[in-house]
Number of protein chains: 4
Amino acid sequence: MARKVGSIGAETADRVRLAALSLFARYGYAAVSMRQIGREIGLQAGAIYNHFPTKQHLLRGLMVEHMERLLTAWEAERDDNLPPREALVAFVRFHIRYHVKCGEEVFISYMELRNLEEQNFVEVEELRRRYEHSLRSILEAGTEARVFTVSDPRVATMAVIAMLTGVTNWYRTDGRLSLDEIEELYVRMISGAVGMKEN
Amino acid sequence: MARKVGSIGAETADRVRLAALSLFARYGYAAVSMRQIGREIGLQAGAIYNHFPTKQHLLRGLMVEHMERLLTAWEAERDDNLPPREALVAFVRFHIRYHVKCGEEVFISYMELRNLEEQNFVEVEELRRRYEHSLRSILEAGTEARVFTVSDPRVATMAVIAMLTGVTNWYRTDGRLSLDEIEELYVRMISGAVGMKEN
Amino acid sequence: MARKVGSIGAETADRVRLAALSLFARYGYAAVSMRQIGREIGLQAGAIYNHFPTKQHLLRGLMVEHMERLLTAWEAERDDNLPPREALVAFVRFHIRYHVKCGEEVFISYMELRNLEEQNFVEVEELRRRYEHSLRSILEAGTEARVFTVSDPRVATMAVIAMLTGVTNWYRTDGRLSLDEIEELYVRMISGAVGMKEN
Amino acid sequence: MARKVGSIGAETADRVRLAALSLFARYGYAAVSMRQIGREIGLQAGAIYNHFPTKQHLLRGLMVEHMERLLTAWEAERDDNLPPREALVAFVRFHIRYHVKCGEEVFISYMELRNLEEQNFVEVEELRRRYEHSLRSILEAGTEARVFTVSDPRVATMAVIAMLTGVTNWYRTDGRLSLDEIEELYVRMISGAVGMKEN
DNA sequence: GATGAATGAGTCTTCATTCAT
DNA sequence: CATGAATGAAGACTCATTCAT
């Protein structure tokens with residue numbers, strides 16, 4: 001049988017993406033089959049290939065698009081004129097706020113790196129590098145301005161990112177703490193971690 | 001752990017474990033086949049079943065044994081009489097030192113949780129909870145004693161663990177920094193993060 | 001066979017036929033997909049079904065039409081009043097000249113017989129039988145007239161056809177020998193094979 | 001379930017080969033599935049891969065081994081001291097006798113050439129070239145010795161081979177003519193085709 | 001008449017697992 | 001305890017074909 005009435009290509013592609021995202025996050029890329037993705041949205045596995053040439057393309061798309069959206073959102077929000085203290089706070093708040101909204105994307109972006117083929121891996125890593133570089137610049141500027149006491153900005157960058165991203169592992173919309181409270185907690189902890197001077 | 005002469009079976013089981021560990025870490029549990037594990041050590045896939053009843057048992061074993069070794073090592077080293085400041089420093093140093101030594105175990109213990117069958121998952125999570133509880137106790141004690149300024153010990157525990165475990169993602173034996181220097185950096189950052197009083 | 005202006009449909013059908021012919025000859029009927037044929041001429045696979053009801057019809061068409069054109073061409077050229085010697089020479093020259101012009105059709109007409117459904121197979125075989133019967137009649141007439149020395153006209157027919165058709169396997173337009181020279185060589189060899197008396 | 005009692009590897013491989021040969025000959029390589037081959041001999045498709053790494057290897061094996069057996073048989077029978085007339089007769093008789101015994105191998109060796117991957121194709125072609133070269137040498141020697149009247153030995157070689165191999169297309173063990181009679185007919189026709197002098 | 005999206009069956013191949021030897 | 005051969009299910013992907021638009 002042919003096309004279901006009213007179904008449009010782009011719409012189906014989006015449903016596939018969504019199903020894949022959710023399944024990859026829950027079971028892992030390698031453990032999820034095209035059949036399973038199709039079943040989730042009432043499609044034969046083969047039909048997915050009308051929208052994505054391979055399973056790998058599907059994964060790459062999810063990761064690259066996530067990273068690009070993240071970068072775009074950060075570019076829109078960052079303010080390079082902010083002094084280091086305020087810049088760090090802005091980054092921390094942005095990172096948490098943005099990441100808890102798309103926990104699944106974040107999760108697979110860390111977990112499925114090894115399932116990316118070389119070329120796609122390089123592409124995603126470059127995007128990540130660009131994002132994390134923002135934080136490093138802030139830490140370096142603050143260190144130079146003697147408002148932070150960071151011995152090794154490279155290590156500090158990774159430490160802060162690790163701490164921040166960890167939030168997505170336990171954050172629940174209906175949890176004990178509001179998003180605002182969580183942001184506040186992390187601003188305090190990270191301020192301390194980088195040895196931020198009180199004023 | 002020297003093997004007695006003739007205990008060739010246990011030796012083979014160990015070779016399987018080692019190969020599986022390395023392959024699971026590199027490619028992921030779901031993406032690694034029993035044939036691949038066998039090939040790595042010159043064995044037919046079928047022979048693995050003389051030592052492990054299923055692939056899932058193999059994974060469970062790696063994860064449970066890792067967590068148990070970790071707990072045992074920590075039990076041996078912890079000193080509950082230490083005041084909070086010193087206890088925290090001891091935990092930080094222990095965690096880093098222990099984890100960088102077994103990056104692969106740590107990696108799969110985080111990555112492959114979702115590939116554990118329910119019962120095994122529960123078991124591993126309980127072990128992890130016990131380990132992380134040590135840190136939480138230290139943070140709570142230090143907060144109560146007003147030597148730390150931690151607003152939310154539960155969140156702080158997860159934040160500190162996330163930051164610390166992140167080290168295994170980039171640590172290289174022959175890297176720029178010695179293990180000692182790295183421990184020092186993290187002691188400083190985490191001391192700051194928990195608002196440790198200077199004295 | 002000029003197409004009337006506007007008869008764009010028939011034109012598309014012809015492009016399909018041409019593409020299918022070429023692809024079937026190169027890769028074999030079973031190994032060529034409707035998508036591949038469509039791609040070759042910038043068409044979606046589905047569009048082919050506006051012109052041919054099934055892939056099998058496409059194959060049948062190519063083979064039947066080839067055989068019919070061959071028969072028609074031979075009917076136009078044959079001269080039943082020719083004496084056996086001249087008739088054989090005429091057949092040899094015609095066969096070679098005609099077959100090297102449509103190597104692909106000849107090729108698939110031999111190679112894809114087994115991919116024809118029963119009914120289509122019978123139809124094509126009947127056409128082939130009719131064509132080859134011309135040669136057999138010539139050989140029988142010549143034998144009766146004692147200008148050929150053929151022990152078994154049935155076997156001789158198949159032997160001559162096999163020898164002649166083999167030309168299409170190696171003939172190249174720009175090869176070492178001209179078509180005329182090739183015809184001459186085969187006339188000599190086949191004359192010998194049928195024991196043609198010198199005069 | 002594991003191995004069926006008594007089945008041995010080499011034996012199964014042979015049964016696979018035989019089934020594949022027969023099916024490839026009847027339906028063509030591309031049209032035959034591994035399932036079909038397995039079904040023919042009561043095996044799951046997957047089990048075939050215990051004996052042949054790919055379907056292509058199976059095909060290559062059938063063709064290469066056929067050509068090698070053919071060459072070996074001819075090497076055992078040829079006698080380079082025979083004068084051209086006798087040598088040609090020997091070749092004709094050998095070719096027919098050998099080829100009618102393995103019609104399926106011969107058939108796929110011609111039909112499935114295009115389904116061989118480049119490297120395998122080259123290998124098979126080289127074997128074929130070596131075999132056909134024997135005939136060409138005979139024709140050239142006979143021409144030089146003026147016992148044959150061949151204008152172009154290269155073309156004559158292909159013509160003779162084509163005529164001879166055609167036999168496999170219609171030969172039936174229980175046919176009208178005995179193998180001996182058929183050999184006799186072809187010796188006469190081919191002697192004529194190469195213009196063999198009567199004595 | 002063409003497209004693009006869909007189906008359902010099929011492709012080759014790999015998988016975890018079993019078991020006679 | 002290991003091998004090698006097997007099973008049956010499943011993997012990603014392609015196929016001929018259909019049909020609403």
Side-chain angles (χ1 to χ4, degrees), chain A residues 1-13 30-38 42-56 58, chain B residues 8-13 30-38 42-58, chain C residues 8-13 30-38 42-58, chain D residues 1-13 30-38 42-56 58:
Chain A
M1 251 132 283
R3 189 177 350 171
K4 288 238 187 71
V5 182
S7 81
I8 318 169
E11 208 182 89
T12 301
V32 170
S33 74
M34 296 301 262
R35 268 174 184 56
Q36 217 174 324
I37 297 171
L43 214 58
Q44 292 288 123
I48 297 176
Y49 290 85
N50 287 325
H51 306 280
F52 302 90
T54 65
K55 193 186 172 192
Q56 172 76 200
L58 195 38
Chain B
I8 200 168
E11 216 177 78
T12 298
V32 170
S33 73
M34 295 300 262
R35 274 162 178 75
Q36 216 174 325
I37 296 170
L43 221 56
Q44 292 292 118
I48 297 176
Y49 289 83
N50 288 323
H51 306 279
F52 302 90
T54 67
K55 194 185 171 192
Q56 174 74 203
H57 275 83
L58 195 38
Chain C
I8 200 169
E11 216 179 78
T12 298
V32 170
S33 72
M34 296 300 263
R35 273 164 177 75
Q36 217 174 323
I37 297 171
L43 221 56
Q44 292 291 119
I48 298 175
Y49 290 83
N50 288 325
H51 305 280
F52 302 90
T54 67
K55 193 185 171 192
Q56 174 75 201
H57 275 84
L58 195 40
Chain D
M1 248 133 284
R3 188 178 352 173
K4 289 235 187 71
V5 182
S7 80
I8 317 169
E11 206 182 89
T12 301
V32 170
S33 73
M34 297 299 263
R35 265 175 185 55
Q36 217 173 323
I37 297 171
L43 215 57
Q44 293 287 124
I48 298 175
Y49 289 84
N50 288 325
H51 306 281
F52 303 91
T54 65
K55 194 185 172 193
Q56 173 76 199
L58 196 39

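To find a chain, count down the sequence lines: A is the first, B the second, and so on, and within it residues start at 1.
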* Watson-Crick or G-U wobble partner for dG4(E), using a 3.5 Å limit on both distances? -> dC19(F)
* Asked: Quick one: does R35(A) reach the base of dA10(F) with a side-chain donor-acceptor pair under 3.5 Å?
  -> no
* **Atom-to-atom span, CZ of F52(B) to C1' of dC1(F) - whole angstrom** => 14 Å
* Candidates dT17(E), dT13(E), dA5(E) - which lies nearest the side chain of Y49(B) -> dT17(E)
* Let me know, please, whether I48(A) or K55(B) comes out on the 5' side of the other along DNA chain E by nearest nucleotide. => I48(A)
* Asked: Stepwise, does the side chain to side chain contact (heavy atoms under 4.5 Å, CB included) test hold for N50(B) with T12(B)?
  -> CA-CA 10 Å; N50(B) 288 323; T12(B) 298; over 6 Å; no
* Structure fact -> On DNA chain E, more 5' by nearest nucleotide between G46(C) and A47(A) is G46(C)
* Asked: For DNA chain F, whose closest nucleotide is more 5', that of N50(D) or that of Q36(C)?
  -> N50(D)
* Structure fact -> Pairing partner of dT13(E), by Watson-Crick or G-U wobble and under 3.5 Å for both distances, is dA10(F)
* Asked: dC15(F) C1' sits how many Å from I37(C) CD1, rounded?
  -> 12 Å
* Structure fact -> In short, A31(A) meets Q36(A) closest at the heavy-atom pair O-OE1, 3.7 Å
* To do: Answer yes or no: does a side-chain N or O of T54(C) lie under 4.0 Å from OP1 or OP2 of dA16(F)?
  => no
* To do: Using a cut-off of strictly less than 4.0 Å, decide whether Q44(B) has a side-chain nitrogen or oxygen near OP1 or OP2 of dG4(F).
  => yes
* Mapping A31(A) and M34(C) onto DNA chain F by nearest heavy atom, which one lands closer to the 5' end? -> A31(A)
* Asked: How many Å lie between CD on E11(C) and P on dA2(E), as a whole number?
  -> 11 Å
* Asked: For the atom pair NZ (K55(D)) and CG (L58(D)), what is the distance rounded to the nearest 0.5 Å?
  -> 9.0 Å
* Structure fact -> Separation between CD (E11(C)) and NE2 (H51(C)), nearest 0.5 Å, reads 10.5 Å
* OP1 or OP2 of dA10(F) less than 4.0 angstrom from a side-chain nitrogen or oxygen of S33(A), does that happen here? -> no
* Asked: If only side-chain N and O atoms of H51(A) are considered, is one of them under 4.0 Å from the OP1 or OP2 phosphate oxygen of dA6(E)?
  -> yes
